[in-house]
Novice: 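Below you'll find the structure I mean.
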Protein chains: 2
Amino acid sequence: MPDRGGPRGRRRKLNATSYVVLGMLASRPATSYDLKQWVAHTIGNFWAFAHSQLYDEPARLVADGLVSESVEEGGRRRRTYEILPAGREALQEWLSSPTTEQTEVRDLGLLKLFFANLAEPADLLRLARDRHESHKARADSYTEQREEIADYADPWQLKTIELGIRYERCVEEFWADFLAELEDQQP
Amino acid sequence: MPDRGGPRGRRRKLNATSYVVLGMLASRPATSYDLKQWVAHTIGNFWAFAHSQLYDEPARLVADGLVSESVEEGGRRRRTYEILPAGREALQEWLSSPTTEQTEVRDLGLLKLFFANLAEPADLLRLARDRHESHKARADSYTEQREEIADYADPWQLKTIELGIRYERCVEEFWADFLAELEDQQP
DNA sequence: GAAGGCATGTAATGAGTTACATGATTAT
DNA sequence: ATAATCATGTAACTCATTACATGCCTTC
């Protein structure tokens with residue numbers, strides 16, 4: 001009979017959401033709303049989390065004994081979470097473990113392209129335009145963001161943005177090229 | 001009281017999994033195992049599905065009235081699914097609708113990089129090496145795949161692979177550059 | 001004819017999404 | 001003081017993941 005939850009009783013296998021929360025709490029205590037805000041303008045850009053996930057996950061981490069919770073007296077009785085030593089350990093362990101998982105790219109545009117033989121030419125054209133625009137917009141927005149935070153931000157976080165920019169530019173270019181081909185055929 | 005399921009009773013909002021299955025069934029009837037195989041060497045490369053999903057989803061589509069099911073007499077009583085006109089319609093509708101959803105890139109390597117200030121230098125080095133290798137391997141494998149199927153494959157599917165290759169090369173390069181920087185600092 | 005792997009499926013659990021609900025704060 | 005928006009949370013539902021179970025087919 002496995003012992004689930006309670007301090008010291010960790011059994012659950014942590015997932016990406018867990019590490020996002022632990023990672024954020026590692027630099028300062030936070031409420032779920034804080035987490036939500038912080039996620040929104042960092043990793044949320046490419047890996048979205050519903051806000052309810054950032055309410056659920058810290059609660060699970062408390063049950064796992066990795067995070068502590070303190071409830072505000074009176075008022076809204078907000079809950080603030082703080083990482084525990086066991087939480088830091090778990091995080092270290094994760095950071096020092098090999099990273100073999102395959103990257104998942106969930107792109108509905110790509111899916112539609114894959115099935116484009118079932119679509120009308122006009123649909124395809126629209127798809128290419130939409131996707132080109134949206135990846136361009138994102139690349140631009142990352143670039144701007146990087147300028148803004150370049151001076152004070154953590155260097156690794158800057159690197160993360162850099163990868164984001166490269167990725168978005170690459171995809172933008174793909175759609176641009178594809179669009180050119182399409183327009184060549186039926187001008 | 002909403003009417004769920006049953007032919008003509010579609011209410012459920014279809015998701016990506018639904019369209020993957022519909023898209024595959026659009027070219028030929030298939031069993032769940034067929035779907036699994038086909039996914040495995042196409043879109044499964046970047047968007048993984050557990051095999052049980054490919055057992056569950058067709059069943060849901062049957063309830064939605066978009067797909068029909070026929071059970072083999074005797075033997076294993078295998079179930080073969082076939083797309084119905086309503087299913088084709090749903091697919092068309094999807095293909096011709098705008099694609100505004102943000103692409104999600106779920107990359108644990110990227111996450112670790114983001115939190116690298118909490119890691120040891122050795123961990124970071126390992127991360128960069130791992131990720132560089134694995135993206136390179138994947139880019140190579142896509143490239144090979146493309147050669148193999150170039151002659152007979154659907155042109156749009158080839159385009160999909162091309163995007164895959166570009167993406168993987170781009171990320172490979174990122175990690176290579178990053179690795180070079182790291183090794184420069186502590187040779 | 002036994003072993004190992006491919007094929008086929010279900011059950012249990014855990015996670016993610018959507019919708020709802022309402023308390024605070026700010027702006028007008 | 002009302003409206004609008006931000007902050008905070010829960011409930012219900014859908015979906016995904018993992019584990020289990022076992023049938024069938026090939027090969028030795």
Side-chain angles (χ1 to χ4, degrees), chain A residues 1-5 9-22 29-41 43-44 46-64 69-81 101-102 104 106 108, chain B residues 1-5 10-22 29-41 43-44 47-64 69-81 101-102 104 106 108:
Chain A
M1 180 174 302
D3 166 20
R4 306 302 287 307
R10 176 150 74 88
R11 277 299 105 77
R12 178 171 78 108
K13 198 175 137 226
L14 303 181
N15 61 23
T17 312
S18 317
Y19 294 115
V20 167
V21 172
L22 285 175
T31 66
S32 287
Y33 191 74
D34 295 336
L35 295 175
K36 176 187 149 184
Q37 296 296 87
W38 194 81
V39 161
H41 61 264
I43 35 189
F46 52 87
W47 190 329
F49 295 88
H51 85 274
S52 67
Q53 270 184 90
L54 301 175
Y55 282 84
D56 291 345
E57 186 60 29
R60 283 177 219 141
L61 293 171
V62 169
D64 293 333
E69 174 189 64
S70 73
V71 181
E72 186 184 53
E73 299 284 321
R76 294 192 196 201
R77 308 191 55 73
R78 290 217 223 79
R79 277 167 263 175
T80 298
Y81 300 98
E101 295 85 349
Q102 155 64 5
E104 301 254 332
R106 308 198 161 180
L108 290 180
Chain B
M1 182 176 300
D3 165 22
R4 305 305 285 308
R10 176 151 74 91
R11 277 301 103 76
R12 177 172 77 111
K13 200 175 135 225
L14 303 181
N15 61 23
T17 312
S18 318
Y19 294 115
V20 167
V21 172
L22 285 175
T31 66
S32 286
Y33 191 74
D34 297 336
L35 296 175
K36 176 187 150 184
Q37 296 296 87
W38 194 82
V39 161
H41 60 263
I43 36 188
W47 189 328
F49 295 89
H51 85 273
S52 68
Q53 271 183 90
L54 300 176
Y55 283 84
D56 291 347
E57 187 60 30
R60 283 177 218 140
L61 292 172
V62 169
D64 293 334
E69 173 189 64
S70 72
V71 181
E72 187 184 51
E73 298 286 320
R76 294 191 197 202
R77 307 192 55 74
R78 290 215 223 79
R79 278 167 262 175
T80 299
Y81 300 97
E101 295 86 349
Q102 155 64 3
E104 301 254 333
R106 307 196 164 182
L108 290 181

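Just so it is clear: chains get the letters A, B, ... in the order the sequence lines come, proteins before strands, and each one is counted from 1.
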Novice: With a 4.0 Å limit, can you tell me whether N15(A) has a side-chain N or O closer than that to the phosphate oxygens OP1/OP2 of dG14(C)?
Specialist: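 No, because none of the side-chain N or O atoms of N15(A) sits under 4.0 Å from OP1 or OP2 of dG14(C).
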Novice: Would you kindly give the CD-to-P distance between E57(A) and dT17(C), to the nearest whole Å?
Specialist: 13 Å
Novice: Tabulate atom names and distances for all N/O pairs under 3.5 angstrom spanning the protein and nucleotides 8-12 of chain D.
Specialist:
unit_1: dT8(D); atom_1: OP1; unit_2: R78(A); atom_2: NE; d: 2.1
unit_1: dG9(D); atom_1: O3'; unit_2: R79(A); atom_2: NH2; d: 3.1
unit_1: dG9(D); atom_1: N7; unit_2: H51(A); atom_2: NE2; d: 3.3
unit_1: dG9(D); atom_1: O6; unit_2: H51(A); atom_2: NE2; d: 3.1
unit_1: dT10(D); atom_1: OP1; unit_2: R79(A); atom_2: NH2; d: 3.4

Novice: Look at the side-chain N and O atoms of R12(A) and state whether any lies under 4.0 Å from the OP1 or OP2 oxygen of dA15(C).
Specialist: yes
Novice: Between the side chains of R78(B) and E72(B), is the shortest nitrogen-to-carboxylate-oxygen separation below 4.0 Å, so that they form an ion pair?
Specialist: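 Yes, charged N to carboxylate O under 4.0 Å.
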Novice: Just jot down the side chain to side chain donor-acceptor pair (under 3.5 Å) partners of E101(A), sequence neighbours excluded, or say none.
Specialist: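 For E101(A), no residue satisfies side chain to side chain donor-acceptor pair (under 3.5 Å) once neighbours in sequence are set aside.
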Novice: To the nearest Å, give me how far apart CD (Q37(B)) and P (dC6(C)) are.
Specialist: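 Rounded to whole Å, this separation is 10 Å.
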Novice: Who passes side chain to side chain donor-acceptor pair (under 3.5 Å) against R79(B), sequence neighbours left out?
Specialist: none
Novice: L14(B) has an atom CG; how far is it from atom C1' of dT17(C), in whole Å?
Specialist: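 That distance rounds to 16 Å.
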Novice: Residues two or more places apart in sequence or in another chain: which of them pass ring pair (Phe, Tyr, Trp, His ring centres under 6.0 Å) with Y55(B)?
Specialist: H51(B)
Novice: Provide, to the nearest angstrom, the distance between the CH2 atom belonging to W47(B) and the C1' atom belonging to dA16(D).
Specialist: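 About 13 Å, once rounded to whole Å.
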Novice: Any side-chain N or O of Q53(A) under 4.0 Å from OP1/OP2 of dA15(C)?
Specialist: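 Result: no.
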Novice: Can you check the L61(A) CG to dG14(C) C1' distance for me, whole Å?
Specialist: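 So the CG-C1' distance, L61(A) to dG14(C), works out to 14 Å.
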Novice: Which residues pass the side chain to side chain donor-acceptor pair (under 3.5 Å) test with D56(B), sequence neighbours left out?
Specialist: none
Novice: Taking NZ from K13(A) and P from dG14(C), how many angstroms apart are they, rounded to a whole number?
Specialist: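 It works out to 12 Å between those atoms.
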Novice: With sequence neighbours excluded, what pairs up with T31(A) under the side chain to side chain donor-acceptor pair (under 3.5 Å) test?
Specialist: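 T31(A) satisfies side chain to side chain donor-acceptor pair (under 3.5 Å) with D34(A) once adjacent residues are dropped.
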Novice: Please report, rounded to the nearest Å, how far the P atom of dC24(D) is from the CD atom of E72(B).
Specialist: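 In whole Å, dC24(D) P lies 10 Å from E72(B) CD.
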